[in-house]
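Start at 1 and go down the list; that is how both ligands and their atoms are numbered.
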Amino acid sequence: MEVAVYETGERMAEAAAERAAQELSQCIDEKGRATFMAATGVSQLRFLDALTRNAGVDWTRTTMYHLDEYIGLPASHPASFRRYLGEHLIDVVHPGTAHLIDGNAPDPSAECERLGGLLDEDGIDVAFVGIGENAHLGFNDPPADFGTDTLFTVVDLSDTCRAQQVHEGWFRDVGDVPARAITVTIPGILRSRCIISVVPDARKAEAVRCALGGTVAPTCPASVLQTHPRTYVFLDSDSASLLDQQAVSRWRPGAT
Ligand code: GLP
């Protein structure tokens, strides 16, 4: 794992976008195409903005997968992740193929199987993931299932996760936040050859501390990133504020 801390969220986003563009372009050069998985949420906005402004990626040769989506929320709702990805990624760069999660599919388990089959066949080159305030990855809230053999699954959202969505302004009240979602599982995320985790803001500092500085455990889902061979974590000085500075320089000397 490489961890880099930047003075501002803006610089962090630019650096993460640069790395993401390099990874995608390298895959396209090597095998003619690249498959990636996109996260959503406030934490990904500046990163996606910087990435979609990067002129170096041939997006026509990319296939996009979608990390997580609420069940039962119309795609037109302001909090819909399909809408978010449309506005911030798909309608901007037009990936060759975009496999969105249909959170309104009549049978969510069948939707998981459909997407899991496609992902299994395509494989994933690069996964973009945020880390939630409760240290979730995708919508895998604690305690997360590290051992499942499925790639997509239906989950119940925890109260802390639902409260975060209200604080971020996506919903007026916790009762308005859907209780269930479809997410790529932890083993599904780990299957990616490269993971780029973009985690700004002081409200993530505790989650970052447990994810990077603590033991690997389902109670801190993002800690599983420590087990992946090629993960790059991009932090700003606020999200990194509770990390042991010596540990940060061990992960990537001189990155600040
Ligand atoms: C959110 C999203 C994920 C994202 C993560 C962090 O709830 N479902 O796709 O990776 O959790 O995002 P946020 O910026 O909302 O903290």
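Note: F171 and Y70 have perpendicular aromatic rings, judged against thresholds of 30 and 60 degrees for the angle between ring planes. The aromatic rings of F47 and F128 sit perpendicular to each other, their planes meeting at more than 60°, with 30° as the lower class boundary.
Contact atoms of ligand 1 toward F81: 8 (N) (distance under 4.0 Å to a heavy atom of the residue). Remark: ligand 1 atoms within the under-4.0 Å shell around heavy atoms of Q164 are 13 (P), 15 (O), 16 (O). Within the listing of ligand 1, atoms 14 (O), 15 (O) sit less than 4.0 angstrom from a heavy atom of G41. Close approach to K204 involves these atoms of ligand 1, each under 4.0 Å from a residue heavy atom: 13 (P), 14 (O), 16 (O).
Shown are L51, L89, T63; of these, the side chain to side chain contact (heavy atoms under 4.5 Å, CB included) with F36 is made only by L89. Exactly one of F152, F81, Y65 qualifies for a side chain to side chain contact (heavy atoms under 4.5 Å, CB included) with I101. That residue is F152. The one candidate from L119, I196, D125 that meets the side chain to side chain contact (heavy atoms under 4.5 Å, CB included) condition with M37 is L119.
Between F128 and ligand 1 there is no heavy-atom distance shorter than 4.0 Å. Residue Q165 places a heavy atom less than 4.0 Å from ligand 1. Residue contact check for ligand 1: E133 places no non-hydrogen atom closer than 4.0 Å to it.
The protein atom (non-hydrogen) at minimum distance from atom 12 (O) of ligand 1 is S43 OG, 3.4 Å. Distance from atom 10 (O) of ligand 1 to its nearest protein heavy atom, with residue and atom name: G130 N, 3.0 Å. Nearest protein heavy-atom neighbour of atom 3 (C) of ligand 1: D68 OD2, 3.2 Å. Scanning the protein heavy atoms around atom 4 (C) of ligand 1, the nearest turns out to be T40 O, 3.6 Å. Protein heavy atom nearest atom 15 (O) of ligand 1, with residue, atom name and distance: E168 OE2, 3.0 Å. Among all non-hydrogen protein atoms, the one lying nearest atom 1 (C) of ligand 1 is H136 NE2, 3.6 Å.
Of all non-hydrogen atoms in P74 and S80, the two that sit nearest each other are O-CB, 3.5 Å.
Ring centers of H66 and Y84: at least 6.0 Å apart, outside the cut-off.
More than 12 heavy atoms of other residues, nucleotides or ligands sit less than 6.0 Å from atom CZ of R162.
Of the polar atoms of V42, at least one N or O is found under 3.5 Å from an N or O of ligand 1, judged by distance alone.
A cation-pi arrangement, defined by a distance under 6.0 Å to the six-membered ring centre and an angle within 45 degrees of its axis, is absent between R11 and Y6.
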